[in-house]
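One structure below.
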2 protein chains.
Amino acid sequence: MGLESYQIEKVESVTMADIVEKRLLDYFKKNAFKPGDAIPKELELAEALEVSRNVVREALSRLKMLGMVESRKKRGMVLSEPDIFGGFERVLDPLILEQRTLQDLFELRMVLEMGLADLIFRRKTDDDVAELERIVQKSINQNKASFKVKHEIAFHGKLYAMTGNATIMRFQNLLLPIFEYVVSEEEKLHGIPPISNVGHGDLVEIIKNGTPQEFKEAMRIHLSPHFDRLS
Amino acid sequence: MGLESYQIEKVESVTMADIVEKRLLDYFKKNAFKPGDAIPKELELAEALEVSRNVVREALSRLKMLGMVESRKKRGMVLSEPDIFGGFERVLDPLILEQRTLQDLFELRMVLEMGLADLIFRRKTDDDVAELERIVQKSINQNKASFKVKHEIAFHGKLYAMTGNATIMRFQNLLLPIFEYVVSEEEKLHGIPPISNVGHGDLVEIIKNGTPQEFKEAMRIHLSPHFDRLS
DNA sequence: ATTTGTTATTATGTTCTACATAAGTATTAA
DNA sequence: TTAATACTTATGTAGAACATAATAACAAAT
């Protein structure tokens, strides 16, 4: 019987910086720190935690990356509203992520797209619809591949924008390169997918005069070339 | 006319650690580093970038937090598959995030929920349906608030699990505390929302014998008490 | 010959000291 | 009162030193 069957777990060394980082996060939560609140000085933290200033700085450096802590010379440091997708953004590299994860993110974007309908219908304005029509209009008689990609981004981006939800919009913008990467990898393997029976023009027409239910079904058909290739 | 109308942008001091962090990320991407690849030693990096080892370590500490870099004594450092939601998780504190962001995340989860239908129907198994029924069955005649919350989590969590998408599942698990926070804040202001006309039992029945379209509509109605309170 | 023990080496982990820098604070001069 | 000046302070950066664990090379032992 091999060693592996004992499921011996590898010891991952926890560093001081890991511990201090966690302690700081707990400290902020426990004391209900809010953005704008000043936090103790590096030396005070180092002394209280009984580690060197260096370790404290490594932990703080992490929180600074997330936008959670801001520092200015002499003034000290303050807690601040973090960039919720900051860490996410740095990590979204198709070459680094597992195939499985890329596939998951691909699906995630499709799930989002399908779920947008009710928000869009709740918040759409005439101006929005007019701009969508403009975007579609511009794409007619354009066949270059580079233009098509740009058009895809413009159209779907506008749909997200219409939700009035900046977070969702940011999220989808981050997901986009992954989506395109997965699509292009798919195409290398299985060729260009058939064009959907429902185009952007149809979607706009439904937004204008249709119902959320119709839109959901139309979007499903619009995405079906991708959807049908899922495992 | 006030100064603010000039949109004077505050100078955020860029530190060496910020620069080195970016350089490292670019370096990995440019050279197509993959998980498992060894990366240069701290001292080599420090020398090449002409900064102190300290600065390099602060930047590396950030990447370690994201799971992108792992280090062992003597062996050096290797690139590794990052935890895509690691940074996200650390930052998801209702007390720190803006109200607007919390609201956005609340909506985001609802969008996800609405968009799940096609994935669920594509991948559902008889076992899944049986477990859903079991979960619903257990909830009958239970009225304690604490149990209700647990039941909510179990039921909707199972729906996410049925997508077979670990990333989506993780994402929703992270979003859940935010969702609950927003709901409870809403309830403080406007009281308990009316109970939906579509319950979990109805949803299961549709998953069993219905169509994705029916499920989408049912889910919309199920969530409508929350949805109707959106701005 | 395979295993076991010893030693040397090396890259990260941690600490300490020192100084640079920017931004407040107090003091002084006009 | 205002403006110029020096002082103070907290972060930013650098460099050296040592601790520690993992590895390699080699020697000893059965």
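The analysis underlying the following values was restricted to heavy atoms, covering all of them including side chains, and did not include hydrogens, waters or symmetry mates. Per chain, numbering begins at 1; letters A, B, ... match sequence-line order.
Ion pairing between a basic and an acidic side chain is recognised when a charged N comes within 4.0 Å of a carboxylate O; B:Arg53 and B:Glu58 show no such pairing.
Between A:Asp104 and A:Thr101, the side chains place no donor N or O within less than 3.5 Å of an acceptor N or O (distance only, hydrogens not considered).
The main-chain N or O of A:Leu60 is never found under 3.5 Å from a side-chain atom of A:Glu21 such that the two would form a donor-acceptor pair.
A:Lys29 NZ: more than 12 foreign heavy atoms inside a 6.0 Å radius.
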Inset, instruction - Produce a footprint string for nucleotides 8-15 of chain C: one letter per nucleotide, 5' end first; B if the base is under 4.0 Å from any protein heavy atom, S if only the sugar-phosphate is, - if neither. - result: -BBBBBBB
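The six-membered or imidazole ring of B:Phe171 lies near that of A:Phe171, with a centre-to-centre distance under 6.0 Å.
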